[in-house]
Every structure is written in structure tokens, then in C-alpha cells.
Amino acid sequence: MTHQTKQATLALHAGQTIDPLTRSRAVPIFQTTSYLFKDTEHAASLFRLQGNGYLYSRNANPTNAVLEERLAALEGGTGAFAVSSGQAAILIAVLTLAKAGDEIVATNALYGGTHSLFSKTLQRFGITVRFVSGTDFEAVKQAITGRTKALFTETIGNPSLEIADIEVLSSIAHQNNIPLIVDNTFATPFLSKPIEHGADIVVHSVTKFIGGHGTSIGGIIIDSGKFQWSEEKFPDFTEPNELIGNRSFVEAAGENAFIAKARFELGHDLGTTLSPFNAWLFIQGLESLAVRIRQHVANAKEIADYLAGHDCIEWVNYPGLPGNRQKKLAEKYLPNGAGSIFSFGIKGGLEAAKRFINSVKLLSHVANVGDSKSLVIHPASTSHSRLTPDEQLKSGVTPEMIRLSIGLEDPTDIIADIEQALQKAVSVHASVKL
Ligand SMILES: *Cc1c(COP(=O)(O)O)cnc(C)c1O
């Protein structure tokens, strides 16, 4: 039996070939815009997407390539394209598939920035996104039309923590000859591998757990290499393209047709390039991701248990807690833990929620998740404030909801901070009652 290299090892080694000139053990930063062509023939072949070598760092860069190959290996994909942000990854993934007049179907419980991109900006460019409940499979089927080019979901929806039933969603997508795109940011490939469950394309904001230290913005698109691009639905993939020597992307790149199109068409034209320095920082993050995620999950579990037993708390929504309505889905799709981002409702509603956030000392009140430091935010007034009250409710955002992203501090210190802030928030609650 052949041995399959494990995730923790891939995170340290996949995608790197030792540089023959220097034999540098660490991945070098290739801080260069361009690469010397051997001769005119070599230059021409690179421009036609033939032959090996780098051309210009807007398209590809050797440091970025290590990050790309490493994340493709961790997700079980065949190729990847690293870009300047998670938002850029989602934009490029969608624009590689859809143009003006086309449609996308997306589940409701989405990151606020994705919701805004889908409901407003894409609309202005003629792409319609239809939002549906990710748990109402009939509604998902109904929303798909002849013009739909992809189904989009998040492994763990934000901030409602709705877990996508990826197997069901991918089979609905495939019955309609469209790919399923999954944003796997909240889970990371250490907690969930959507491609194993039928996802065709995986996107990440590597800004979050993968970077892990809150220092840089970046994103990545990973291709499973499995989707069959049909002539009828995706002629841009199958028809000859003069950009690449009058071949189609399928002919030129085979199973990597999607990534080739994303990189050489959209990435090239839109310029959503990831800096090699930031790629290098994300490689540093990946090296410790396995151990960090284990600790994030253990800390989150401990704090969720503490909150669940607290009398100042209305509810705790952590799929890892016993009795959570999504326990079954969590066991299937997140067997190693349900991540470290979760929400709770404080007694006393909106005012108590604000008072709680204004009282924390160790926890950082920021618009971010997946940092090594513990973070807190009130989604209704911040990350999801661009949504209408109705859209907020559909995304699972309620006024009393507080979202936590549990970091790597000693959990007893996190609990001590939450406790003192709850006491302050609740004393106001009590005085309101008087
Ligand atoms: C942060 C985030 C994004 C956007 O990523 P940026 O790197 O901030 O552009 C997209 N999806 C999810 C789930 C996120 O958490």
C-alpha cells in the first residue's frame, strides 16, 4: 500500500523544490516582477501558455507558486491561483465562470463582504446572484436557471455558523452541469476538505487562520480538477482562444483549465496580484496551522462550554456543543472540530451586547476572524450593517448576537475577561429591570 502524506507534513513541505543554486531550506522570496527569457522562441511560447517558465509576476511568481501548490495539496485539488485578498478570490472565481447576463445561486449565510459583492457590485456588472437558504434544497433547485453558472456556499456560514451540506449541494449543482464553489475560510483544510465531498472549486481568505497572525491580506482559488466543462454551458472553456495559440483552455491546460483561465485571463487583466512577500508570510502561517487549529478548537470548546452554563447568556451557537441543531452535519463535515468562531446571545439584548463589547480588555474588538488573538464583534452594527434588517435575519444576524473568534491565549485568561465583561453588561441589564 502506498503511504499517503498527512496534512501536517504537507503544510510544511508540499510545493517546494529546493532552489538548486542556493539550496535554501526556507522558501525564498522572489521579489521580482519579471524573468529573463532564454530567447524569442521561449518568450513567444510563454505568451501562448506553452512551455515552462515564468513571464511576469502579475500572472505567476515562484514564491506564490509554493503557496499555491501547498494549498492545492492540502485541499486535494490539482491547481491553485493565489490573489490579493479573499474578496479577489471570490470575484475572480465568479468572473472566470460568469459574464453579464449570467446568474449565480448563493446560500444566504455569507461573509458580509461576499454578500455585498454579490448583491450590489456584481449586479452593476450584469451578473445576478440569487440568494437562497442553504438548508432548503428545493429552493436551491428552483433558483437555478439556464443562465446559472455556479452554486456558491461557505463551509461554515458567517456569522450564523450554518454548516453546508456539501454532498447534497454538489449533487444539485452537478445535475445542472454547474460547479459548486465553497468558501472554506472558517474551516481551513485541517477541519474540512470540501473537494472530498464533491466541491469543484474552493476559495479562501488566507488572511484568516492560514496567515494566522493578523498581518496580511490574501486569497486563493483551488481547483479540484474534476469538473467537466461542457461546450454548451461553458463555451469560453472549450472554444479556441487566440490568447493561447488558438487552443481552448481545456486543450491547453486539461484538468487545470479553470485555474489557467482564472490566472491568464482574469488575473492578468484585472491585476489582483498577491505580493510574493505576503505569499511568504502565508507560507510561514501554513507551517504552524496544524498545531494552531488544534489549540483554537480546544480553546473554543472550553469557552463555549463555559458560556453555555452561564446565567447571563440567552443562547450559544457552537456546532461542537452537545444538543446543537447542527451536530450531525458538524460530525460529518467537521470531524476534527467546528472551528473557533462562534456566537452567543447575551441577556438584555442590543444594549447589553454593546456594553459587553465595550467592557472587554483582553479580547480585541476588530473586524477580523481567525487571528491568533481572541476577537469580538457585534455583527448587526458592523460586518453585516450593509444588509437590510430582513437580509440580516436571513443571514442569521440578530441584534443581541455577539461573535467571538477564539485565539491562542490561555483559555482561563479568555474566560476571566469574558466574565468581568459579562458582569458589567449584566449590571446594566439588572438596573434596566428595576
Ligand atoms: C474575510 C473573509 C472573506 C474576505 O477575505 P479578505 O481577505 O478580507 O478579502 C471572505 N470570506 C470569508 C468567509 C471571510 O472570513
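The first residue in the sequence is number 1, and the count goes up from there. Whatever order the structure lists them in is the order used to number ligands and atoms, beginning at 1.
Residue pairs satisfying the side-chain hydrogen bond (donor to acceptor under 3.5 Å, both in side chains) criterion with at least one member in residues 283-294, sequence neighbours excluded, are listed as follows: Ser288-Arg292. Applying the salt bridge (Lys or Arg N to Asp or Glu O under 4.0 Å) test to residues at least two apart or on different chains, the pairs with a partner in residues 296-305 are Lys301-Asp305.
The existence of a salt bridge linking Lys328 and Glu331 is excluded, since no basic side-chain nitrogen approaches an acidic carboxylate oxygen closer than 4.0 Å.
Relative to the six-membered ring of Tyr111, Lys208 meets both conditions, a distance below 6.0 Å and an angle of at most 45° to the axis.
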Could you go through ligand 1 and list every pair where one of its N or O atoms sits under 3.5 Å from a protein N or O, giving the atom names and the distance to one decimal?
{"from": "ligand 1", "atom 1": "5 (O)", "to": "Ser205", "atom 2": "OG", "distance (Å)": "3.0"}
{"from": "ligand 1", "atom 1": "7 (O)", "to": "Gly86", "atom 2": "N", "distance (Å)": "2.9"}
{"from": "ligand 1", "atom 1": "7 (O)", "to": "Ser205", "atom 2": "OG", "distance (Å)": "2.8"}
{"from": "ligand 1", "atom 1": "7 (O)", "to": "Thr207", "atom 2": "OG1", "distance (Å)": "2.6"}
{"from": "ligand 1", "atom 1": "9 (O)", "to": "Gly86", "atom 2": "N", "distance (Å)": "3.1"}
{"from": "ligand 1", "atom 1": "9 (O)", "to": "Gln87", "atom 2": "N", "distance (Å)": "2.9"}
{"from": "ligand 1", "atom 1": "11 (N)", "to": "Asp183", "atom 2": "OD2", "distance (Å)": "2.7"}
{"from": "ligand 1", "atom 1": "15 (O)", "to": "Lys208", "atom 2": "NZ", "distance (Å)": "2.7"}

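Between His268 and Tyr56, the ring center distance fails the sub-6.0 Å criterion.
For Thr215, the side-chain contact (heavy atoms from CB on, under 4.5 Å) criterion is met by His213, Leu281, not counting sequence neighbours.
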